[in-house]
*Asks:* 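Shown below is the structure under consideration.
Side chains are part of it too, since the values below use all heavy atoms of this structure and drop only hydrogens, waters and symmetry mates. Lettering of chains follows the sequences in order, A, B, ..., and the numbering in each one begins at 1. Since this is a predicted model, take the numbers as computed values, not measurements.
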2 protein chains.
Amino acid sequence: MQTHFKIFIKSSIPHFFVTDSELDNIIESFEEMELEKGEYFLKQGKISGSLVLLEGHLRCYTFNENGDEVTTAFYSAPRLIFDVASFFQQKPSVENIIALTKVKGYYMNYKTVDKLFHDYAFFREFGRAMLAKEYILFKDRTMRLINLTAEERYAHLMQTNPELFQIAQLRHIASYLNITDTSLSRIRRDFGSK
Amino acid sequence: MQTHFKIFIKSSIPHFFVTDSELDNIIESFEEMELEKGEYFLKQGKISGSLVLLEGHLRCYTFNENGDEVTTAFYSAPRLIFDVASFFQQKPSVENIIALTKVKGYYMNYKTVDKLFHDYAFFREFGRAMLAKEYILFKDRTMRLINLTAEERYAHLMQTNPELFQIAQLRHIASYLNITDTSLSRIRRDFGSK
DNA sequence: GAAACCAATTGTCATAAGACAAGTGGTGAT
DNA sequence: ATCACCACTTGTCTTATGACAATTGGTTTC
């Protein structure tokens with residue numbers, strides 16, 4: 001797992017030279033984390049830490065004003081997981097992040113991250129790259145929400161993340177696509193015949 | 001204007017102590033920027049810099065696959081303006097940012113920002129705070145897009161940013177709210193009578 | 001001051017997607 | 001083995017919003 005961890009960090013900042021011993025120092029500050037399916041990485045009201053996810057899948061959701069669950073993200077390894085608002089502003093989260101499968105990775109709280117940011121330029125760069133990437137992915141998704149029809153959004157998800165349909169419930173995928181489960185069901189029924 | 005600049009930075013990182021001389025060093029690296037109404041701060045294909053906007057209003061837009069303009073943001077002073085994807089990844093932007101009024105502020109390119117990030121912890125913190133804030137604002141907007149009806153989105157904008165209706169064209173506001181200008185017109189007609 | 005232009009409004013009609021309720025099929029508990 | 005539960009599907013009907021085209025009203029220009 002350590003190897004994957006190193007590869008993940010290195011490949012996230014390809015323009016930076018990082019020695020293995022520097023990486024070892026970083027890794028020491030992380031703690032290994034495992035979650036079983038159904039366990040929570042983050043519950044609303046708690047302050048988010050950061051998880052370098054190396055194995056497994058999670059789902060992130062909140063509630064809208066009607067009290068309905070809204071799935072805001074699915075996460076698959078390898079990637080960094082953190083609630084931007086909660087982590088960087090050290091405020092209670094409004095998001096819940098739950099394991100869809102068994103999950104493995106490395107965990108670190110804000111204080112430790114911040115200290116490492118101070119000590120290691122490459123880790124700072126890693127953090128910045130992660131935040132920027134997160135922003136860009138989120139923006140892409142929003143643009144699809146604006147510009148694509150429900151069916152096109154479904155088709156896109158099918159293309160980019162087909163495994164998801166094996167792992168997550170359709171109603172969660174539906175709310176992620178911002179459609180009702182009823183609509184998703186119909187879209188799937190009609191999808192082949194085109 | 002320098003005073004406003006300093007206040008803006010200080011108030012963005014209230015938990016950091018910054019001396020005025022440090023701020024002066026920073027300001028020297030910026031160059032003053034003014035735009036007339038209709039001038040562009042950023043054109044697609046160019047690489048984004050960063051603008052500490054101290055006076056005026058701008059509009060940000062792209063084109064969707066149909067070639068229709070989509071307004072993705074309105075910016076009002078005081079705030080930091082930059083295209084996250086273009087700025088941090090130093091890639092050509094897909095966004096256009098145009099002045100809606102006369103605009104004043106301080107401009108800096110990525111290279112200079114990066115150098116100052118290296119030299120000043122407080123400036124790093126400023127950058128991080130700005131990026132996190134940007135992310136959070138954008139996420140809020142997307143959540144409204146998901147959870148609110150067209151009319152509710154209009155009402156929200158009316159409440160939070162009524163000046164905008166004096167400054168921007170309705171069709172641009174419409175596309176920002178992700179509705180057609182026709183719909184916006186009808187919503188405005190019916191809005192009082194409730 | 002007429003012509004040209006453009007933003008905004010309005011009318012008519014079409015349609016994607018939601019609401020709600022009933023039905024299906026699989027799984028787990030006792 | 002049966003019941004209960006839950007995810008998912010399907011039917012019917014409603015509705016918010018879009019598409020498209022015509023009209024209005026203001027401003028620019030020659």
*Asks:* Tell me the interatomic distance from R186(B), atom CZ, to dG18(D), atom P, rounded to whole angstroms.
*Replies:*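 Those two atoms, CZ and P, are 10 Å apart.
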*Asks:* Calculate the interatomic distance between D190(A) atom CG and dT10(D) atom C1'; express it in whole Å.
*Replies:*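 For the pair D190(A) CG and dT10(D) C1', the rounded distance is 11 Å.
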*Asks:* Can you list the residues that meet the side chain to side chain contact (heavy atoms under 4.5 Å, CB included) rule with A174(A), with sequence neighbours excluded?
*Replies:*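 In terms of side chain to side chain contact (heavy atoms under 4.5 Å, CB included), with neighbours along the sequence ignored, A174(A) is linked to I179(A), D181(A), L184(A).
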*Asks:* Can you tell me how the ring of F74(A) sits relative to the ring of Y176(A), calling it parallel under 30°, perpendicular over 60° and tilted otherwise?
*Replies:*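 Ring orientation, 0 to 90° scale: perpendicular.
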*Asks:* Excluding sequence neighbours, so at least two apart, what forms salt bridge (Lys or Arg N to Asp or Glu O under 4.0 Å) with D140(A)?
*Replies:*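 Residues passing salt bridge (Lys or Arg N to Asp or Glu O under 4.0 Å) with D140(A): none at all.
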*Asks:* Would you kindly give the CG-to-C1' distance between D68(B) and dG18(D), to the nearest whole Å?
*Replies:*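 So the two atoms are 12 Å apart, to the nearest Å.
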*Asks:* Salt bridge or not for E55(A) and K102(A), using N-O below 4.0 Å?
*Replies:*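 Looking at K102(A) together with E55(A), the answer is no, because their closest N to O distance does not fall below 4.0 Å.
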*Asks:* Given atom CZ of R188(A) and atom C1' of dA7(D), what is their separation to the nearest angstrom?
*Replies:*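 It is 12 Å, rounded to the nearest whole Å.
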*Asks:* Please state how far atom CZ in R189(A) lies from atom C1' in dA17(C), giving the value in whole angstrom units.
*Replies:*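 Spelled out: CZ on R189(A) to C1' on dA17(C) is 13 Å.
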*Asks:* More than 12 heavy atoms of other residues, nucleotides or ligands under 6.0 Å from CD of E163(B): yes or no?
*Replies:*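 More than 12 within 6.0 Å, yes.
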*Asks:* To the nearest angstrom, how far is F191(A) atom CZ from dT9(D) atom P?
*Replies:*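 Going from F191(A) (CZ) to dT9(D) (P), I get 15 Å.
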*Asks:* Rounded to the Å, how far apart are E151(A) CD and dT15(C) P?
*Replies:*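 About 15 Å, once rounded to whole Å.
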*Asks:* Among side-chain atoms of S21(A) and D24(A), is any donor-acceptor pair under 3.5 angstrom?
*Replies:*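 No, because no side-chain N or O of S21(A) sits under 3.5 Å from a partner of the opposite role on D24(A).
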*Asks:* By a strict heavy-atom criterion of less than 4.0 Å, which residues belonging to residues 166-185 of chain B are in contact with DNA chain C?
*Replies:*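 Going residue by residue through residues 166-185 of chain B, the ones with a heavy atom under 4.0 Å of DNA chain C turn out to be Q169(B), L170(B), R171(B), T182(B), S185(B).
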*Asks:* Round to a whole Å and report the spacing from CD1 of I187(B) to P of dA16(D).
*Replies:*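 Checked: the CD1 to P distance equals 11 Å.
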